[in-house]
Enquirer: 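Take a look at this one; I'll ask things after.
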Amino acid sequence: MEACSSRELEARNYLEKHRIMELLNYLTSSLVFHQPEKPREYLVALLERLRIAKVTGLAFPFFMDHSNVVAMFEMMDSSNKGTISFVQYKEALNTLGLCTADEVLKDDGCGITLDKFRLEVNKRTKEICGRTKGKDSESYQTAAEMLLLH
């Protein structure tokens, strides 16, 4: 039993060190957002663009902007109530690479509105951009690079 725990810890450390979960979240989000006809070919091409971006410093394939945040919220709010659940909210932030699965967020018991969701996404993205010393759209790209391409 102890060997299993040790192996699990080793695997978890490996995934964290190489930011594999963030990469998988990015790939999944991009796949769902673009919904290509040939998903496997799309993922291979996206991974190749990520590799080229890392090696050459060329533009990183970033896809989230204001309209995409709104579209993401609307997909989660399938009943058009104008709110999403706290669980959906946290999962969306996690998928976007803006929080970790073990981060503790305060649930005030109220549904999450589009405005609250948009403000939190923007705030967390700007925090990441602040760490990259940027304020424009290029810094958002840099923020995504920082999350995925260590």
Side-chain angles (χ1 to χ4, degrees), residues 1-2 4-37 39-40 42-43 45-47 49-51 53-54 59-150:
M1 186 76 166
E2 203 171 298
C4 181
S5 295
S6 174
R7 182 70 178 143
E8 286 176 13
L9 181 60
E10 183 181 321
R12 186 176 304 122
N13 289 339
Y14 177 84
L15 293 173
E16 287 175 10
K17 176 182 177 186
H18 296 285
R19 306 191 77 141
I20 300 300
M21 297 313 295
E22 289 91 339
L23 175 62
L24 292 175
N25 280 334
Y26 175 78
L27 293 172
T28 303
S29 298
S30 184
L31 188 64
V32 170
F33 177 75
H34 292 287
Q35 297 185 6
E37 290 294 318
R40 287 182 183 92
Y42 173 82
L43 289 172
L46 183 56
L47 284 168
R49 288 197 320 256
L50 288 169
R51 186 189 68 76
K54 183 174 184 178
F60 180 81
F62 192 62
F63 67 94
M64 290 302 288
D65 63 16
H66 172 75
S67 65
N68 302 140
V69 172
V70 172
M72 183 178 202
F73 181 89
E74 289 173 348
M75 286 189 327
M76 292 184 290
D77 181 23
S78 58
S79 61
N80 294 320
K81 294 186 301 185
T83 61
I84 59 174
S85 73
F86 183 78
V87 171
Q88 289 172 306
Y89 166 71
K90 183 170 182 184
E91 186 59 33
L93 291 177
N94 187 26
T95 298
L96 292 171
L98 298 174
C99 80
T100 60
D102 59 349
E103 182 177 349
V104 178
L105 298 174
K106 185 179 178 218
D107 182 0
D108 60 10
C110 300
I112 308 298
T113 64
L114 173 58
D115 287 337
K116 181 175 181 176
F117 180 68
R118 186 174 38 219
L119 287 172
E120 190 65 20
V121 167
N122 289 339
K123 181 184 102 178
R124 288 171 175 264
T125 303
K126 285 178 184 174
E127 287 171 0
I128 293 170
C129 290
R131 292 194 294 264
T132 64
K133 307 290 188 250
K135 294 183 175 71
D136 57 11
S137 62
E138 285 183 21
S139 65
Y140 286 92
Q141 184 171 318
T142 304
E145 290 172 11
M146 193 170 99
L147 287 169
L148 298 173
L149 299 176
H150 59 298

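Sequence positions, counted from 1, serve as the residue numbers for this chain.
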Enquirer: When you measure from the side chain of Asp77 to the backbone N and O of Ile84, does any donor-acceptor pair fall under 3.5 Å?
Expert: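 Absent.
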Enquirer: What distance separates Lys116 NZ from Lys123 NZ, expressed to the nearest 0.5 Å?
Expert: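 The distance works out to 9.5 Å.
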Enquirer: If you look at every heavy atom in Cys110 and Asp108, which pair is closest and at what distance?
Expert: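 Heavy-atom minimum between the residues: N-OD1, 2.9 Å.
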Enquirer: Please report the interatomic distance CD(Glu91) to CG(Asn94), rounded to the nearest 0.5 Å.
Expert: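 Answer for the CD-CG pair, Glu91 versus Asn94, is 5.0 Å.
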Enquirer: Partners of Arg118 by side-chain hydrogen bond (donor to acceptor under 3.5 Å, both in side chains), sequence neighbours excluded?
Expert: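 Asp115.
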Enquirer: I want to check something: taking the side chain as every heavy atom from C-beta on, are Ile112 and Met76 in contact at a cut-off of under 4.5 Å?
Expert: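 Sidechains of Met76 and Ile112: no contact.
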Enquirer: Using 30° and 60° as the class boundaries, would you call the ring planes of Tyr42 and His34 parallel, tilted or perpendicular?
Expert: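 If you compare the ring of Tyr42 with that of His34, the planes turn out tilted.
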Enquirer: Supply the atom-to-atom distance Asn25 CG to Arg19 CZ, rounded to the nearest 0.5 angstrom.
Expert: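 If we round to the nearest 0.5 Å, Asn25:CG and Arg19:CZ are 11.0 Å apart.
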Enquirer: Would you call Arg124-Glu120 a salt bridge at under 4.0 Å N-O?
Expert: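 Counted as a salt bridge, because a side-chain N and a carboxylate O are separated by less than 4.0 Å.
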Enquirer: Dump the intermediate steps for side chain to side chain contact (heavy atoms under 4.5 Å, CB included) on Val69 and Met72, then the final yes or no.
Expert: CA-CA 5 Å; Val69 172; Met72 183 178 202; 5.7 Å; no
Enquirer: Quick check for you: to the nearest 0.5 Å, what is the distance between Ser78 atom OG and Gln88 atom CD?
Expert: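 Rounded to the nearest 0.5 Å, the OG-CD separation comes to 7.0 Å.
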Enquirer: Can you spot which of His18, Lys17, Glu16 makes a side chain to side chain contact (heavy atoms under 4.5 Å, CB included) with Ile20?
Expert: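 Testing Ile20 for a side chain to side chain contact (heavy atoms under 4.5 Å, CB included) against His18, Lys17, Glu16 leaves exactly one candidate, His18.
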Enquirer: Over all heavy atoms of both residues, which pair between Leu105 and Tyr89 is shortest? Give the atoms and the distance, please.
Expert: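 The answer is CD1-CE2, 4.2 Å.
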Enquirer: Between Lys90 (side chain) and Glu103 (backbone), is there a donor-acceptor pair under 3.5 Å?
Expert: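 Present.
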Enquirer: Please walk me through it: do Leu31 and Leu27 pass side chain to side chain contact (heavy atoms under 4.5 Å, CB included)?
Expert: CA-CA 6 Å; Leu31 188 64; Leu27 293 172; over 6 Å; no
Enquirer: What heavy-atom pair brings Gly82 and Phe73 nearest, and what distance separates the two atoms?
Expert: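 Closest heavy-atom pair between Gly82 and Phe73: O-CZ, 3.7 Å.
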Enquirer: Might you point out which heavy atoms bring Ser30 and Leu46 nearest each other, and give the distance in Å?
Expert: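 Looking at all heavy atoms of both residues, the closest pair is OG-CD2, 3.6 Å.
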